[in-house]
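First comes the structure, then the notes that go with it.
For this chain, numbers begin at 1 and follow the sequence in order.
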Amino acid sequence: MRLLLVEDTFDMAEAIMIRLGRSGIACDLAKSLEEARACVTVQTYDVIVLDINLPDGLGTELLKELRTRGERTPVLMLTAEFSVDDRVSSLNSGADDYLVKPFDHRELEARIRALHRREQKDKSEELTLGTLSFNASARVVRQGGNPITLTRREFSLLEILVHNRGKTVSKERLFDGVFSFQDADVSMNALELYVARLRKKLSGGSVRIETQRGLGYKLEVDD
């Protein structure tokens with residue numbers, strides 16, 4: 001999952017990014033509306049966490065712009081003061097959820113994952129693909145009933161492939177889903193390394209990652 005965090009308070013933003021990063025969520029940070037607009041212009045996000053009060057305007061301005069363009073990316077609004085009028089205005093503008101500061105980071109992560117699941121085609125908590133079972137909420141993967149230990153980036157990579165199983169996913173799409181703008185020194189070779197590691201951990205089961213030369217990767221499930 002790749003997320004855009006629009007928050008101008010550095011300490012809070014840093015804490016959120018550390019928490020989400022440890023959970024396998026690639027997180028880009030924008031500290032103003034201008035930076036947020038630049039991010040959404042060049043990158044597609046699974047979820048946007050958007051502060052209302054920003055140095056150059058209100059987060060609801062960006063929200064309205066996204067919805068006017070027909071973009072349905074789930075948006076969770078953050079604010080220190082959230083009156084009933086603020087809630088109604090945000091929801092009417094197209095927000096999917098809201099959270100009042102201060103908040104528990106566990107609740108923020110849970111709400112983010114709930115919004116992400118809502119947008120996925122697969123609504124069940126656990127998916128079974130041949131001998132592989134995949135539970136995004138619990139972050140548990142099993143092969144033939146035995147747990148597979150994955151790093152956060154390996155899990156994110158598998159999650160994208162699982163939800164696009166049978167389809168070729170470009171290297172660029174996978175890279176964007178696993179790494180954030182903050183990983184500026186990471187090359188495409190790193191993605192290939194994670195694919196190789198994931199292949200090794202999935203070997204011996206009915207799920208395999210196929211290379212589509214010049215295109216990307218595809219997850220196939222044997223009958």
side-chain contact (heavy atoms from CB on, under 4.5 Å) filter on Leu193, not counting sequence neighbours, yields Arg197
With clusters defined by side-chain heavy atoms of hydrophobic residues (ILVMFWY) lying less than 4.5 Å apart, directly or transitively, does Ile25 cluster with Phe103?
yes
Could you tell me the separation between the CZ atom of Arg113 and the CG atom of Leu115, rounded to the nearest 0.5 Å?
12.0 Å
Side chain to side chain contact (heavy atoms under 4.5 Å, CB included) partner of Val141, chosen from Val207, Thr149, Leu158
Leu158
Can you tell me if Asp46 uses its side chain to pair, donor with acceptor, with the backbone of Leu3 under 3.5 Å?
no
Side chains of Tyr194 and Leu174, heavy atoms from C-beta outward: is any pair under 4.5 Å?
no
Measure the shortest side-chain to side-chain distance between Thr44 and Arg173 over non-hydrogen atoms and say whether it is less than 4.5 angstrom.
no
If every non-hydrogen atom of Leu20 is compared with every non-hydrogen atom of Cys27, which pair is closest and at what distance?
CD1-SG, 4.4 Å
What's the separation between atom CG in Leu99 and atom CD in Glu107, rounded to the nearest 0.5 Å?
5.0 Å
The single option from Val75, Leu54, Val49 that satisfies side chain to side chain contact (heavy atoms under 4.5 Å, CB included) with Val6 is Leu54
Decide yes or no for Leu108 and Arg19: does some side-chain heavy atom of the first lie under 4.5 Å from some side-chain heavy atom of the second?
no
The criterion is salt bridge (charged side-chain N to carboxylate O under 4.0 Å, His left out); which residues satisfy it with Glu34, sequence neighbours excluded?
none
Check step by step if side-chain contact (heavy atoms from CB on, under 4.5 Å) holds for Glu192 and Tyr217.
CA-CA 10 Å; Glu192 295 172 358; Tyr217 299 97; 3.6 Å; yes
Taking the side chain as C-beta and beyond, is there a heavy-atom pair between Thr60 and Met77 under 4.5 Å?
yes
Side-chain heavy atoms of Arg22 within contact of Glu109, under 4.5 Å:
no
What pair of heavy atoms forms the shortest contact from Ser203 to Lys200, and how long is it?
OG-O, 2.7 Å
Counting only heavy atoms not in Arg106, do more than 12 fall under 6.0 Å of its CZ?
no
Contact between Glu220 and Asp222 at the side-chain level, heavy atoms closer than 4.5 Å - yes or no?
no
Is the shortest side-chain heavy-atom distance between Asn53 and Leu58 below 4.5 Å?
yes
Gap separating the NZ atom of Lys218 from the CZ atom of Arg208, nearest 0.5 angstrom
9.0 Å
Start with the C-alpha distance between Asp96 and Arg67, add both sets of side-chain angles, then the distance that settles salt bridge (charged side-chain N to carboxylate O under 4.0 Å, His left out), and finish with yes or no.
CA-CA 11 Å; Asp96 299 274; Arg67 297 305 184 236; 3.0 Å; yes
Verdict with supporting geometry, Leu4 and Thr73, side-chain contact (heavy atoms from CB on, under 4.5 Å)
CA-CA 11 Å; Leu4 174 63; Thr73 305; over 6 Å; no
With distance as the sole test, does Arg152 use its side chain to make a donor-acceptor pair with the main-chain N or O of Gly21 at under 3.5 Å?
yes
To the nearest 0.5 Å, how far apart are CD1 in Ile48 and CD in Glu71?
7.5 Å
Can you tell me if Ser156 uses its side chain to pair, donor with acceptor, with the backbone of Val178 under 3.5 Å?
no
Arg199 vs Leu202, side-chain contact (heavy atoms from CB on, under 4.5 Å): CA-CA, chis, key distance, verdict
CA-CA 5 Å; Arg199 269 198 181 115; Leu202 295 177; over 6 Å; no
Side chains of Gln143 and Lys201: does their closest heavy-atom pair fall under 4.5 Å?
no
Between CD1 of Ile112 and CZ of Arg117, what distance do you get to the nearest 0.5 Å?
12.0 Å
What distance separates Leu62 CG from Leu50 CG, expressed to the nearest 0.5 Å?
5.5 Å
Parallel, tilted or perpendicular: which one describes the rings of Phe134 and His163, with boundaries at 30° and 60°?
perpendicular
Between Arg111 (side chain) and Tyr98 (backbone), is there a donor-acceptor pair under 3.5 Å?
yes
Nearest non-hydrogen partners of Ala190 and Phe179, listed with the distance
CB-CZ, 4.1 Å
When every non-hydrogen atom of Ser32 is compared with those of Pro55, the smallest separation belongs to CA-CD, 4.5 Å
Joint cluster assignment, Val195 & Met188, ILVMFWY side-chain distance < 4.5 Å:
yes
Where is the tightest heavy-atom contact between Glu7 and Ala13, given as atom of each residue plus distance?
CG-CB, 4.0 Å
Donor-acceptor pair, side chain of Thr131 and main chain of Ser206, under 3.5 angstrom:
yes
When hydrophobic residues are tied together by side-chain contacts of less than 4.5 Å, even through go-betweens, does Leu157 share a cluster with Leu215?
no
Testing the basics here: between Leu78 and Asp51, what is the closest heavy-atom pair and its distance to 0.1 Å?
O-OD1, 2.8 Å
